[in-house]
Structures are given as C-alpha cells and as structure tokens.
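I have placed the structure first, in the form of structure tokens, so that the comments after it can refer back to it.
One-based numbering along the sequence shown. Owing to the predicted nature of the structure, the values given are computational and were not obtained by experimental measurement.
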Amino acid sequence: MGMRVKPADFQKLNLRCHALLSDVPLHDAWAIPLDGGGPGRSIRDASAVLFGDPRPSKNFAVRGLFALRWALGRAFGWDDGRHDVPGASYVHRLSEADRSRSQVAPGTRDGHFRVLYVFGDEALSELRNATVHAFLALALTRRPGGYTLYLAVYVKPVSRFTTLYMALIDPFRRLVVYPALGKQAQQRWSRAYA
C-alpha cells in the first residue's frame, strides 16, 4: 500500500525540489510501490492514478477528514485568498531552465494547489493558507517489476499556529489519509497499466 520512508532516503533521490526547497523542512515522505506499468511511464501517469479521479474517495474516513478540514477552513477563514500572497510563492524561484522544462506552466492552479513544475519524473506544487505554506513533491522511479512513486510534504511555518496545526493533523494524515491514497493509487495503477 505504501510506507513512510526516512527523509534522508527521499533526499538521496536526484530531484530538483531538494535545491528549490532547501530552506523548507521536509515533513514527511512516503513510497508507494506500483507494479508493472511497462516502459515510459511518467509522473503525470502516476499523478493521474493518485489524484485524477474527481469522485470523492471511497474511504469514508478520508472523505470525512477532508470535509471537516475544508469546513473548518471556511469557518475560520484559513483558506481565504488573502493568505496566498503572490509574492510568497516559490514560482519566483524557478530558473528559466525549470520553466522551459516544465510540462505545465508554472503558477497554474490545480485545485487548492499551485503547480510549480511538472517534469518527466518529478512534480512540485505548493499550497499557502493561514495554517501552512506546504509543498507536495512527487517523484517516480523505475524498479525491477515496476515503479516507486514517492510523495513528500515540505512545510514552511506561516505563524506560531503551524506547528500545533501539523501536530494535530499528523496522526490522521499518517494513519488514515496517506495509506488510503497509497492503496487507491496501487489499485488504479493496476487497472490502468496491468
């Protein structure tokens, strides 16, 4: 289904996000084994099986947790646009080489996230609100018999509340959300590329 990996193991991968996010703590990293798939799979293929289904998750707990988070965000104004200050975006840190290599225009909105880049085997997006300035890094590597999809979350505090907020949600993310995402990704990958 997927498992947490040591941050040092994720940081050993040759990825652009390590340099771009050198001032942002790596909060969590996961590895999801994806069997089969054949040659030539890309991060866009992996991202599609991870997030591409617009229907709500079949996992009741995951649906409930996300519904609760977005309801709290509306009630307390955490997700108001005023917290997503354009000048704070890391899109301004991208080099011209990053911009020209990206398969999606840097700064493009993708749901709650802003895409920073999408390369063939790596993608990076950011989300900024009143609770966190978070970055979601995805990387796809070949392994015998298939691929491994890495999912890493970097978190830059935006206030004193960030540390408390992350401590409160970590058990739910680690015990419910990420295992469910990993299982879902494996099932969809199997259906698409078996």
Item to check | Given F10, Y90, F119, the one that forms side-chain contact (heavy atoms from CB on, under 4.5 Å) with C17 | outcome: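 The passing option is F10.
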
How far does [atom1] of [X] sit from [atom2] of [Y], to the nearest 0.5 angstrom?
| X | Y | atom1 | atom2 | answer |
| --- | --- | --- | --- | --- |
| R188 | L34 | CZ | CG | 12.5 Å |
| H18 | L26 | NE2 | CG | 8.5 Å |
| D28 | R174 | CG | CZ | 4.0 Å |

Restricting to non-hydrogen atoms, name the atom on [X] and the atom on [Y] that form the minimum distance, rounded to 0.1 Å.
| X | Y | answer |
| --- | --- | --- |
| R173 | P179 | O-CD, 3.9 Å |
| L127 | N129 | CD2-ND2, 3.3 Å |
| L149 | A46 | CD1-CB, 3.8 Å |
| S95 | R16 | N-NH2, 4.3 Å |

Given side chains that start at C-beta, do those of [X] and [Y] come closer than 4.5 Å, heavy atoms only?
| X | Y | result |
| --- | --- | --- |
| V118 | I43 | yes |
| I32 | T148 | no |
| P33 | R143 | yes |
| V5 | W30 | no |
| L116 | P106 | no |
| H27 | D170 | yes |
| T108 | D110 | no |

Checklist entry - Side chain of W189, backbone of D35: donor and acceptor closer than 3.5 Å? => result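 Yes: the side chain of W189 pairs with the backbone of D35.
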
Checklist entry - Is a side-chain N or O of R101 found less than 3.5 angstrom from the main chain of A97, in a donor-acceptor match? => result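 Absent.
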
Checklist entry - If you draw a 6.0 Å radius around CG in N14, do more than 12 non-hydrogen atoms from other residues or ligands fall strictly inside? => result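 No, not enclosed.
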
Item to check | R109 atom CZ, over 12 foreign heavy atoms within 6.0 Å | outcome: yes

Next on the checklist: Assess, by modelled atom type and distance only, whether the side chains of Y154 and E126 contain a donor and an acceptor separated by less than 3.5 Å.
Outcome noted: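 Per modelled atom types, Y154 and E126 side chains form no pair under 3.5 Å.
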
Checklist entry - Looking just at side-chain N and O atoms, do H112 and R128 make a donor-acceptor pair shorter than 3.5 Å? => result no

Next on the checklist: Is there a path of hydrophobic side-chain contacts, each under 4.5 Å between heavy atoms of I/L/V/M/F/W/Y residues, joining Y165 to V158?
Outcome noted: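 Shared cluster, no.
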
Checklist entry - Is R44 paired with D121 through a side-chain N to carboxylate O contact shorter than 4.0 Å? => result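 No.
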
Checklist entry - Any ion pair linking D9 and K6 (charged N to carboxylate O, less than 4.0 Å)? => result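 D9 and K6: not salt-bridged.
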
Checklist entry - Given R93 and D98, is the salt bridge (charged side-chain N to carboxylate O under 4.0 Å, His left out) satisfied, shown in steps? => result CA-CA 9 Å; R93 293 185 175 197; D98 295 331; over 6 Å; no

Checklist entry - Does the side-chain hydrogen bond (donor to acceptor under 3.5 Å, both in side chains) test come out yes or no for Y117 and E122, once each step is laid out? => result CA-CA 8 Å; Y117 61 76; E122 179 186 1; 2.5 Å; yes

Item to check | side-chain contact (heavy atoms from CB on, under 4.5 Å) evaluation trace for L124 with L21 | outcome: CA-CA 10 Å; L124 182 65; L21 302 177; 3.8 Å; yes

What pairs of donor and acceptor atoms, side-chain ones from residues 134-142 against any protein atom, are under 3.5 angstrom apart with sequence neighbours left out?
residue	atom	partner	partner atom	Å
R142	NH1	Y147	OH	3.2

Checklist entry - Where do M166 and T131 land on the side-chain contact (heavy atoms from CB on, under 4.5 Å) test, with the steps shown first? => result CA-CA 9 Å; M166 292 307 297; T131 60; over 6 Å; no

